[in-house]
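Structure, as structure tokens:
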Protein chains: 2
Amino acid sequence: MLTGVIIMLTERQLIILQVIIDDFIDSARPVGSRALSKKANLPYSAATIRNEMADLEELGFLEKTHTSSGRVPSEKGYRYYVDHLIGPSTNPNEIRILEDIIQDGFFEFEQIVQMSAEVLSELTNYTSIILGPEMFETTLKQIQILPLSDHSAVAILVTNTGHVEHRSFTIPEKINSSDLEKMVNIMNERLKGVPIIKLQEVLHTEIALLMRMYIDDFEKSFDYLKAFIVTDNPVKLYIGGKSNILMQPEFNDVDKIRSFFTMMEKENELANILKNSKNGIEVTIGNENEVDAIKDLSLITASYHMAGDHMGTIALLGPTRMEYKKVISLMKGLSNEMTDAMYMWYRNDD
Amino acid sequence: MLTGVIIMLTERQLIILQVIIDDFIDSARPVGSRALSKKANLPYSAATIRNEMADLEELGFLEKTHTSSGRVPSEKGYRYYVDHLIGPSTNPNEIRILEDIIQDGFFEFEQIVQMSAEVLSELTNYTSIILGPEMFETTLKQIQILPLSDHSAVAILVTNTGHVEHRSFTIPEKINSSDLEKMVNIMNERLKGVPIIKLQEVLHTEIALLMRMYIDDFEKSFDYLKAFIVTDNPVKLYIGGKSNILMQPEFNDVDKIRSFFTMMEKENELANILKNSKNGIEVTIGNENEVDAIKDLSLITASYHMAGDHMGTIALLGPTRMEYKKVISLMKGLSNEMTDAMYMWYRNDD
DNA sequence: ATTAGCACTCAGGAGTTAAGAGTGCTAACA
DNA sequence: TGTTAGCACTCTTAACTCCTGAGTGCTAAT
């Protein structure tokens with residue numbers, strides 16, 4: 001996001017820019033020179049401030065909504081604000097709530113992610129989106145099939161991270177229940193410890209052959225289980241506080257609300273946006289976003305890690321007029337917590 | 001909902017009332033006499049229709065939004081419409097989608113409920129709420145504890161209906177892992193087949209004693225597992241298409257949208273409304289609702305059964321201007337499907 | 001370099017007007 | 001006696017005008 005030319009702003013311009021943005025973030029109303037001149041930390045007259053504002057506008061940091069309105073930060077202004085005007089973030093207290101939950105160790109990682117999404121949205125009134133951990137490191141712990149009745153059973157699959165996937169199914173007449181058992185035994189023997197993402201591969205190369213030898217009418221049963229084991233989408237999306245964003249004054253228009261909600265329903269698209277995010281905290285403001293649907297919003301992403309590898313992404317979606325300072329420190333804190341939580345679950349594989 | 005006096009309407013009044021309501025449901029705009037007189041099935045002049053409309057208004061079935069507007073059905077009008085003017089419902093084709101899913105038997109009942117909620121909302125553009133099956137008949141099938149590492153494990157609980165509940169936890173230092181195993185064994189032996197809702201009771205009376213005999217440092221471990229087994233809320237609420245309702249023209253106002261969403265967040269309240277619903281299809285229009293929050297909406301509930309017992313409730317929430325005919329037949333169909341689905345899962349207990 | 005002063009601009013609310021849709025009533029009609 | 005045509009009347013809605021207040025840009029004085 002570096003421009004070729006380094007723009008020099010005077011000390012006073014910096015302060016004024018900062019105050020304007022802070023004020024606008026807080027009030028959502030264009031800020032005028034008169035109001036600014038009254039602020040304690042700005043001992044200049046309205047006229048002086050007007051001049052500075054005109055300069056800042058010329059430089060592209062500010063905009064007017066119409067000729068005689070107060071100034072509003074431009075996207076470039078926000079960008080400068082985020083890059084240079086917000087101090088180092090301090091780990092905020094709010095995060096403690098999550099810290100406790102995570103330390104408890106009582107919840108599965110997935111639940112922690114879900115809660116984090118909700119808490120994050122609750123704290124900010126923006127919409128949070130969390131991309132669940134990718135399953136590179138996740139391995140199969142156990143497959144189990146439990147008959148419920150003559151004709152139905154439930155299959156349960158557990159990973160080393162404590163993730164449980166289950167599905168009920170009816171047992172087709174043709175399938176012999178002892179065959180099923182044999183099959184599950186073979187699978188458990190051979191698939192234990194295999195990474196989830198390689199499951200399908202191993203299933204085809206190693207297991208299929210083996211089974212064909214031992215089991216009558218193998219094909220049918222195999223297809224059946226395969227559908228279950230080769231689980232749907234490996235990465236899950238958790239969305240928190242879709243309706244919290246209605247609190248934001250920029251959503252004062254029914255059409256905006258509608259289009260926001262329709263956008264949030266396209267989970268694939270969202271997932272793609274997040275997948276492309278880089279490591280660390282990343283702030284994307286308005287048109288910096290490549291996806292049209294959020295070109296008038298800001299997106300903040302932070303990733304959490306495992307042994308340096310990118311594992312998942314936390315994101316917060318809100319109006320460009322976002323409380324960047326607060327949000328960034330929150331996200332940093334949360335990303336640390338998540339990384340810790342990852343560690344707790346993944347450290348002792350067997 | 002019977003009024004003491006039986007109101008007699010002429011044949012023509014009936015037709016006019018019906019056409020007006022149909023038209024308004026369709027267009028969401030007050031309907032005037034001129035437009036009506038042009039309809040093929042109304043061979044009367046605008047003036048005649050005006051007279052009839054005036055009568056219908058006097059009787060309380062119609063209202064005007066202002067002195068010179070067309071007529072709009074009153075709540076009483078809708079009530080009459082629902083009670084007398086919509087013919088017997090035919091099982092609609094749309095339901096087939098669900099039928100297939102259910103017959104497949106591939107999904108757990110809970111998933112079916114979830115999908116039903118979504119499909120129902122999709123088909124109607126209203127918001128669907130489904131109260132999951134109460135667990136009177138549900139019994140415990142198996143408890144399993146699977147160690148993930150030295151310090152963590154996942155507990156899995158399966159019911160006879162194929163419902164799977166799971167929770168990860170860290171194993172406290174003090175607890176001996178073989179003790180855990182013993183405990184689980186005892187539980188499986190004694191709790192298998194016990195109805196979920198009686199789990200806590202049996203746990204205290206029978207099991208506690210037994211365990212104290214066999215296991216060292218029993219108290220700690222026991223508390224731990226109990227928290228898991230005595231599961232949270234026994235009845236779950238599934239909401240589908242919260243944002244579908246934004247398609248309705250009556251939600252053209254940001255405040256209405258906000259208050260709708262805040263209402264939808266109070267799940268307890270919703271659950272209570274649904275719990276009180278009687279058997280069969282029930283339509284509650286506007287102020288007939290006892291809960292303030294939905295006094296300007298209509299709620300349609302239908303219940304599904306098991307051996308005659310009420311098991312759960314399907315509901316649809318939308319504007320009073322609702323497509324009652326379509327919705328009612330959909331709900332009847334769905335409630336039948338759900339009843340069938342219940343039967344499929346519950347028939348072969350062991 | 002800063003500031004006071006003043007003319008100018010524009011959004012938004014209040015008031016006005018005109019068009020259109022619909023009604024109620026009366027009188028004519030079958 | 002039930003139905004219809006006609007007409008005056010009402011009320012909403014959108015467009016237009018007017019006015020005020022907030023805010024600006026520029027110039028001249030400090």
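Both backbone and side-chain heavy atoms feed into the values below; hydrogens, waters and symmetry mates do not. Sequence lines set the chain letters: A, B, ... in the order given, protein chains first and strands last, and positions in each chain run from 1.
Within 6.0 Å of CZ in B/Arg12 there are more than 12 heavy atoms belonging to other residues, nucleotides or ligands. Around the CD atom of A/Glu265, the shell of radius 6.0 Å holds more than 12 heavy atoms that belong to other residues, nucleotides or ligands. Annotation for A/Arg34: atom CZ does not count as buried by contact number, only 12 or fewer foreign heavy atoms lying within 6.0 Å.
Comparing atom distances between the A/Ala47 side chain and each of C/dG24, D/dA5, C/dT3 picks out C/dT3 as nearest.
Between the CD1 atom of A/Ile49 and the P atom of C/dT3 there is a distance of 9 Å, rounded to whole Å. The nearest whole Å value for the distance from the CD atom in B/Glu58 to the P atom in C/dT23 is 16 Å. A/Leu56 has its CG atom 12 Å from the P atom of D/dG25, to the nearest Å. As rounded to whole Å, 17 Å separates atom C1' of D/dG2 from atom CD of B/Glu11. Note: CD1 (B/Ile16) to P (D/dG2) measures 15 Å, nearest angstrom. What separates CD of A/Gln13 from P of C/dT2 is a distance of 11 Å, to the nearest Å. In this entry the distance linking NZ of A/Lys38 with P of C/dT3 reads 16 Å, nearest Å. B/Leu36 has its CG atom 10 Å from the P atom of C/dG22, to the nearest Å.
The side chain of B/Ser33 contributes an N or O atom lying less than 4.0 Å from OP1 or OP2 of C/dT23. Considering only side-chain N and O atoms, A/Lys64 lies under 4.0 angstrom from the phosphate OP1 or OP2 of D/dG25. Contact annotation: A/Arg50 does not reach the phosphate of D/dA22 (side-chain N/O to OP1 or OP2, under 4.0 Å). Within the 4.0 Å cut-off from OP1 or OP2 of C/dG22, not a single side-chain nitrogen or oxygen of B/Arg29 is found. When the side-chain nitrogen and oxygen atoms of B/Thr48 are compared with OP1 and OP2 of D/dT3, none of them lie within a distance under 4.0 Å. A close approach under 4.0 Å does not occur between any side-chain nitrogen or oxygen of B/Arg34 and OP1 or OP2 of D/dT4. Side-chain nitrogen and oxygen atoms of B/Ser45 include at least one within less than 4.0 Å of the OP1 or OP2 phosphate oxygen of D/dT4.
When each of B/His66 and B/Glu52 is assigned the nucleotide of DNA chain D bearing its nearest heavy atom, the one mapping closer to the 5' terminus is B/Glu52. Mapping B/Asn51 and B/Gly70 onto DNA chain C by nearest heavy atom places B/Gly70 at the nucleotide closer to the 5' end.
Between the side chain of A/Ser68 and the base of C/dT9, at least one donor-acceptor pair of N or O atoms lies under 3.5 Å.
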Quiz item: Step by step, would you call B/Phe251 with B/Phe261 a ring-ring contact (aromatic ring centres under 6.0 Å, His included)?
Solution: CA-CA 11 Å; B/Phe251 286 82; B/Phe261 277 106; 8.5 Å; no
Practice problem: Go through the steps for A/Lys256 and A/Glu250 under the test salt bridge (charged side-chain N to carboxylate O under 4.0 Å, His left out), then give the verdict. | Solution: CA-CA 9 Å; A/Lys256 266 191 204 147; A/Glu250 16 275 286; over 6 Å; no
